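Note that this is a predicted model, so its numbers are computed, not measured. Whatever order the structure lists ligands and atoms in, that order sets their numbers, starting from 1.
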Amino acid sequence: MSKIPSLKTVEWKDNKVVMIDQTKLPNELVFVEYDDYNQVADAIRNLVVRGAPAIGISGAFGLALAALQSNASTKENLLEDLEKAKKILFETRPTAVNLAWGLERIMKTANSEDSVEQIRKLVINEAKKMADQDIEINKTMGKIGSELFDNNDTIMTHCNAGALATVAYGTALGVIRATKESGKKIKVIATETRPVQQGSRLTAFELKYDGIDVSLIPDTAVGYTMANNLVNKVIVGADRILRTGHVFNKIGTYQVATMAKQHKIPFYVAAPLSTFDMKSNPEDVIIEMRKGSEVTGIGDKKTAPDGIGVINPAFDMTPPELITGIITEKGVVKPSYEESIKKLFEAN
Ligand code: RUB
């Protein structure tokens, strides 16, 4: 694996969106380039880019492309074109709230100006600013979170909440990176995260790339490793956090959190404020159901017979009583979450 400095998951370059094609990892490091927002929508839908913050920024860049693609000569027509693109981008993935956040922020920017040319310039600049801020936010969150981890900790993580789930650095893996950068020795246990293996393909890839000690386990070994004292702490990312502290994250997170509680292992979530949804209740959140072929095979290889039923939810909900703390760029919130999250938002 040859090292390329400052690997960015998603970037704006010469009026195009450039992304790492995450479906090709870890076997090939391929960059794809898009100049049409419909291609960005396909990329989000097909997991070329994935992870809550990364799809939020990709949605924003998608709208910036839509502004360039539009032939509109009036503000009204340009906003109509942007609304159409926003709908297509929004419908790609329903659970991570960052996508709606990224799209809304760009629409607000577009609405704030009158000249069509100015709007085009402004939305591009705003999307680029959001991408830069994502890196800064992750670094701040990493520093804050690193205080919770000790020398010689072995930290379990699920799915990929790393550089590849963000623009760079990562949320949960950003905390792990910052802990290592602070001089503490740590090891990481990454769950494979079936069905599409973001843990083995992406987390193991990026931690190895950065020289962090990582061991891979099948998802079924979470209980074994915890029961045998091989894990000191757990950290995961989030796709949506409610004001009550309910955390929606990659399928299997709930099982890991339950096991952690059983074994009295601290369970942390790291996520930026853009991952919080202060309006919805648990029953309002749409859990994305993905196609059965992700479960009946691994990559291109079939591992199950034809003609069977499949249940393939992409996310689950971890209730607040299983969570030790939620790390954000503005500090760590602890139970009772309803109160501490309210305070966090009032202060920011
Ligand atoms: C990604 C997933 C990740 C969170 C992490 O799912 O569940 O754990 O997005 O996000 P998918 P964050 O691969 O299906 O998009 O970086 O905010 O912690």
Side-chain angles (χ1 to χ4, degrees), residues 9-10 19-23 25 43-59 92-102 130-131 133-135 137-142 144-145 156-178 190-203 205-206 219 234-241 247-257 267-277 285-291 294-295 312-318 323 326-329:
T9 303
V10 52
M19 290 176 184
I20 295 175
D21 182 349
Q22 300 192 34
T23 64
L25 289 173
I44 298 173
R45 203 176 290 117
N46 298 324
L47 309 184
V48 169
V49 65
R50 31 65 53 201
I55 63 177
I57 303 298
S58 300
T92 51
R93 299 200 71 196
T95 309
V97 78
N98 309 60
L99 182 55
W101 166 86
M130 286 161 74
Q133 282 173 346
D134 181 68
I135 303 175
I137 285 170
N138 290 338
K139 291 204 164 155
T140 307
M141 191 155 48
I144 293 171
M156 179 178 283
T157 189
H158 184 63
C159 191
N160 174 268
L164 290 162
T166 61
V167 175
Y169 206 68
T171 54
L173 296 192
V175 172
I176 287 173
R177 284 194 168 87
T191 57
E192 204 177 12
T193 321
R194 275 283 286 153
V196 296
Q197 290 164 299
Q198 292 95 330
S200 56
R201 291 189 306 105
L202 307 178
T203 296
F205 169 82
E206 65 167 88
D219 298 316
V234 180
I235 187 163
V236 298
D239 291 85
R240 191 184 291 238
I241 302 175
V247 168
F248 291 80
N249 193 47
K250 177 55 50 187
I251 192 74
T253 303
Y254 174 44
Q255 288 170 197
V256 176
F267 180 94
Y268 292 104
V269 176
L273 295 192
S274 55
T275 300
F276 285 74
D277 169 357
V285 180
I286 299 172
I287 300 280
E288 176 184 4
M289 300 302 282
R290 294 189 61 87
K291 53 185 192 241
E294 288 180 351
V295 182
N312 185 19
F315 300 94
D316 60 23
M317 183 185 79
T318 299
I323 301 166
I326 302 176
I327 303 156
T328 77
E329 72 273 33

For this session: Output the list of atoms in ligand 1 that are nearer than 4.0 Å to some heavy atom of A52, sorted by atom number.
Result: 9 (O), 10 (O), 17 (O)

Exercise. Is a side-chain N or O of R240 found less than 3.5 angstrom from the main chain of T95, in a donor-acceptor match?
Worked result: yes

Problem set entry | Nearest protein heavy atom with distance in Å, relative to atom 12 (P) of ligand 1 | T171 OG1, 3.2 Å

Exercise. So with a 6.0 Å cut-off around CD of E294, is the heavy-atom count from everything else above 12?
Worked result: yes

Exercise. Considering all heavy atoms of both residues, which atom of V167 and which atom of D134 are nearest to each other, and what is their separation?
Worked result: N-OD2, 2.8 Å

Problem set entry | Distance-minimising heavy-atom pair for T23 and N46 | CG2-O, 3.5 Å

For this session: Please work out whether any backbone atom (N, CA, C, O) or any side-chain heavy atom from C-beta onward of A270 is under 4.0 Å from ligand 1, and answer side chain, backbone, both or neither.
Result: backbone

Exercise. Heavy-atom contact under 4.0 Å between A172 and ligand 1?
Worked result: no

Problem set entry | Identity and separation of the nearest protein heavy atom to atom 2 (C) of ligand 1 | D239 OD1, 3.3 Å

Exercise. Could an N or O of ligand 1 be found under 3.5 Å from any N or O of L47, whether backbone or side chain?
Worked result: no

Problem set entry | Nearest-contact summary for atom 8 (O) of ligand 1 - protein heavy atom, Å | N249 OD1, 2.8 Å

Exercise. What part of A238, side chain, backbone, both or neither, has a heavy atom within less than 4.0 angstrom of ligand 1?
Worked result: backbone

Exercise. So, the side chain of T275 versus the backbone of I241: is there a donor-acceptor pair under 3.5 Å, distance only?
Worked result: no

Exercise. If you look at every heavy atom in R201 and L25, which pair is closest and at what distance?
Worked result: NH1-O, 3.1 Å

Problem set entry | Expected output: side-chain T140 to main-chain E329 donor-acceptor under 3.5 Å | no

Exercise. Are the side chains of L273 and W101 in touch, meaning some heavy atoms are under 4.5 Å apart?
Worked result: no

For this session: Record the part of N98 in heavy-atom contact with ligand 1 below 4.0 Å; permitted values are side chain, backbone, both and neither.
Result: neither

Problem set entry | Distance-only N or O hit between ligand 1 and T166, under 3.5 Å | no

Exercise. Any N or O on P53 sitting closer than 3.5 Å to an N or O of ligand 1?
Worked result: no

Exercise. Taking it one step at a time, do R194 and D219 satisfy salt bridge (charged side-chain N to carboxylate O under 4.0 Å, His left out)?
Worked result: CA-CA 7 Å; R194 275 283 286 153; D219 298 316; over 6 Å; no

Problem set entry | Under 3.5 Å: donor-acceptor pair, side chain of R290, backbone of N312 | no

Exercise. Which ligand 1 atoms does C159 reach within 4.0 Å, using its non-hydrogen atoms?
Worked result: 1 (C), 2 (C), 3 (C), 7 (O), 8 (O)

For this session: Would you mind checking which non-hydrogen protein atom is closest to atom 6 (O) of ligand 1, with the distance to 0.1 Å?
Result: K250 CE, 3.2 Å

Exercise. Got the closest protein heavy atom to atom 1 (C) of ligand 1, with its distance?
Worked result: R50 NH2, 3.5 Å

Exercise. In ligand 1, which numbered atoms sit nearer than 4.0 Å to a non-hydrogen atom of A165?
Worked result: 16 (O)

Problem set entry | Distance filter under 4.0 Å to Q198 heavy atoms, resulting ligand 1 atoms | 11 (P), 13 (O), 14 (O)

Exercise. What is the nearest protein non-hydrogen atom to atom 15 (O) of ligand 1, stated with its residue, atom name and distance?
Worked result: R93 NH1, 2.6 Å

Exercise. Out of curiosity, is N160 lining ligand 1, as in a heavy atom under 4.0 Å away?
Worked result: yes

For this session: Could you tell me whether a side-chain N or O of T166 sits under 3.5 Å from a main-chain N or O of A163, the two making a donor and an acceptor?
Result: yes

